[in-house]
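Remarks on the structure that follows.
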There are 2 protein chains.
Amino acid sequence: MEIRAVLAQNLKKCRQLRGLSQEELAHRADIDRTYISSLERCVYAASIEVVDQLARALDMEASDLLQRTPADEPGVCEET
Amino acid sequence: MEIRAVLAQNLKKCRQLRGLSQEELAHRADIDRTYISSLERCVYAASIEVVDQLARALDMEASDLLQRTPADEPGVCEET
DNA sequence: CGCAATTGTAGAGAATACTCCGTGGAGAAA
DNA sequence: TTTCTCCACGGAGTATTCTCTACAATTGCG
């Protein structure tokens with residue numbers, strides 16, 4: 001799986017789990033809304049600074065957003 | 001700690017632990033040597049694609065290279 | 001010291017991330 | 001239908017990453 005897709009998947013999942021719209025997240029992370037939309041569609045390879053901003057807005061670690069989830073394990077956003 | 005510094009620190013440590021020079025790593029990751037030098041000095045905020053290439057060249061996960069190390073815990077490269 | 005390997009650094013240019021504008025579509029509710 | 005929210009998507013412009021070339025500084029080793 002491409003690293004872009006890993007980020008896209010984790011980003012979308014964690015955002016939705018927190019009940020945030022792309023626009024709300026954009027505001028909290030101080031990032032353009034359409035850009036977040038692009039990231040969730042794998043259009044760009046984000047810089048680690050953007051990943052860090054998004055992670056902080058989601059109250060998690062940057063490394064968590066890049067975590068590849070083995071098929072039979074829970075994702076980074078789920079509770080145990 | 002800035003996310004650039006986290007990457008810089010982990011990158012340098014893991015590279016040295018594997019006995020690789022910047023040039024050898026550059027070749028294995030198919031990335032310019034001077035750019036790796038820059039990353040270890042926090043000059044740029046790498047894209048997640050570069051982080052992934054470096055991680056694969058170091059036989060580890062991209063998320064590991066962005067892991068912040070709590071002061072009293074071992075780094076991502078150390079054995080237990 | 002002399003030599004070799006490694007790393008720092010500068011500068012120019014290509015490539016790509018990122019912002020900002022706007023438009024339109026899908027779904028839900030009045 | 002109309003309205004509202006959310007999201008996909010395009011284009012143009014700016015900012016930054018990333019490559020390449022070349023040379024200087026450093027480190028370690030005989």
Side-chain angles (χ1 to χ4, degrees), chain A residues 1-68 75 77, chain B residues 1-68 75 77:
Chain A
M1 192 184 212
E2 296 226 2
I3 193 69
R4 294 188 189 199
V6 173
L7 175 65
Q9 194 171 288
N10 290 335
L11 183 56
K12 183 167 192 172
K13 193 166 201 172
C14 295
R15 174 178 66 79
Q16 291 179 335
L17 228 50
R18 286 161 177 73
L20 293 173
S21 67
Q22 292 179 346
E23 179 144 14
E24 287 170 320
L25 176 58
H27 183 255
R28 287 168 67 148
D30 197 35
I31 287 177
D32 191 70
R33 185 194 69 75
T34 67
Y35 183 55
I36 290 184
S37 169
S38 298
L39 290 183
E40 290 189 357
R41 285 175 291 120
C42 303
V43 177
Y44 300 113
S47 72
I48 58 174
E49 234 142 54
V50 163
V51 174
D52 196 53
Q53 285 180 64
L54 290 169
R56 278 191 269 103
L58 291 168
D59 197 38
M60 55 195 300
E61 292 293 323
S63 56
D64 294 332
L65 281 177
L66 293 188
Q67 205 93 43
R68 288 189 154 91
C77 289
Chain B
M1 193 184 210
E2 296 226 3
I3 194 69
R4 295 187 188 200
V6 174
L7 175 64
Q9 193 170 288
N10 289 336
L11 182 56
K12 184 167 192 170
K13 193 166 200 172
C14 295
R15 175 177 65 78
Q16 291 179 335
L17 227 50
R18 285 160 177 73
L20 293 174
S21 67
Q22 290 180 348
E23 180 143 11
E24 287 170 321
L25 176 58
H27 182 255
R28 287 168 69 147
D30 197 34
I31 287 178
D32 190 70
R33 181 195 70 78
T34 67
Y35 183 55
I36 290 184
S37 168
S38 298
L39 290 184
E40 290 190 357
R41 284 175 294 120
C42 303
V43 176
Y44 300 113
S47 73
I48 58 175
E49 236 142 54
V50 163
V51 174
D52 195 52
Q53 286 181 62
L54 290 169
R56 279 193 269 102
L58 291 169
D59 197 40
M60 54 194 300
E61 291 294 323
S63 57
D64 294 332
L65 280 179
L66 293 187
Q67 204 93 43
R68 290 177 204 271
C77 289

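Within every chain, numbering begins at 1; the chains are lettered A, B, ... in the order of the sequence lines, protein sequences first and strands thereafter.
Note: NZ (A:K12) to C1' (D:dC6) measures 11 Å, nearest angstrom. Counting to the nearest Å, the P atom of D:dC7 and the NE2 atom of A:H27 are 16 Å from each other. In this structure, A:L39 atom CG and C:dT16 atom P are separated by 16 Å, rounded to whole Å. Across the protein-nucleic acid pair, B:D32 atom CG and D:dT16 atom P stand 21 Å apart, rounded to whole Å. Taking atom CD on A:E24 and atom C1' on D:dT5, their separation rounds to 11 Å, with Å as the unit. The CD1-C1' distance, from A:I31 to C:dA17, rounds to 12 Å in whole Å. If you measure from atom CD of A:E49 to atom P of D:dA15, you get 16 Å, rounded to the nearest angstrom. In this structure, CZ of A:R33 is placed 10 Å from P of D:dC6, rounded to the nearest angstrom.
Along DNA chain D, the nucleotide nearest B:S47 and the nucleotide nearest A:S21 are compared for position; the residue whose nucleotide lies closer to the 5' end is A:S21. DNA chain C is contacted by both A:T34 and B:Q22; B:Q22 maps to the nucleotide lying nearer its 5′ end (nearest heavy atom per residue). When each of B:Y44 and B:I36 is assigned the nucleotide of DNA chain C bearing its nearest heavy atom, the one mapping closer to the 5' terminus is B:I36.
Taking both residues in full, the closest heavy atoms of B:D30 and B:Q53 are given as O-OE1, 3.7 Å, listed atom of the first, atom of the second, then distance. Minimum heavy-atom separation, A:L66 to A:V6: O-CG1, 3.5 Å.
Screening B:Q9, B:R15, B:K13, B:K12 for a side-chain hydrogen bond (donor to acceptor under 3.5 Å, both in side chains) with B:E40, the sole residue that qualifies is B:R15.
A:D64 contributes no side-chain N or O that, together with a main-chain N or O of A:A55, makes up a donor-acceptor pair within less than 3.5 Å.
Residue A:R15 places at least one side-chain N or O under 4.0 Å from the OP1 or OP2 atom of D:dC7. In this model, the phosphate group of C:dA17 is approached by a side-chain N or O of A:R4 to a distance below 4.0 Å at OP1 or OP2. The phosphate of D:dC9 has OP1 or OP2 within less than 4.0 Å of a side-chain N or O from A:R41.
Residue B:S37 has its side chain nearest to C:dT9 when only C:dA17, C:dG22, C:dT9 are considered.
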Next on the checklist: As a quick check of understanding, evaluate side-chain contact (heavy atoms from CB on, under 4.5 Å) for A:S47 and A:V50, giving each step before the final call.
Outcome noted: CA-CA 5 Å; A:S47 72; A:V50 163; 3.8 Å; yes

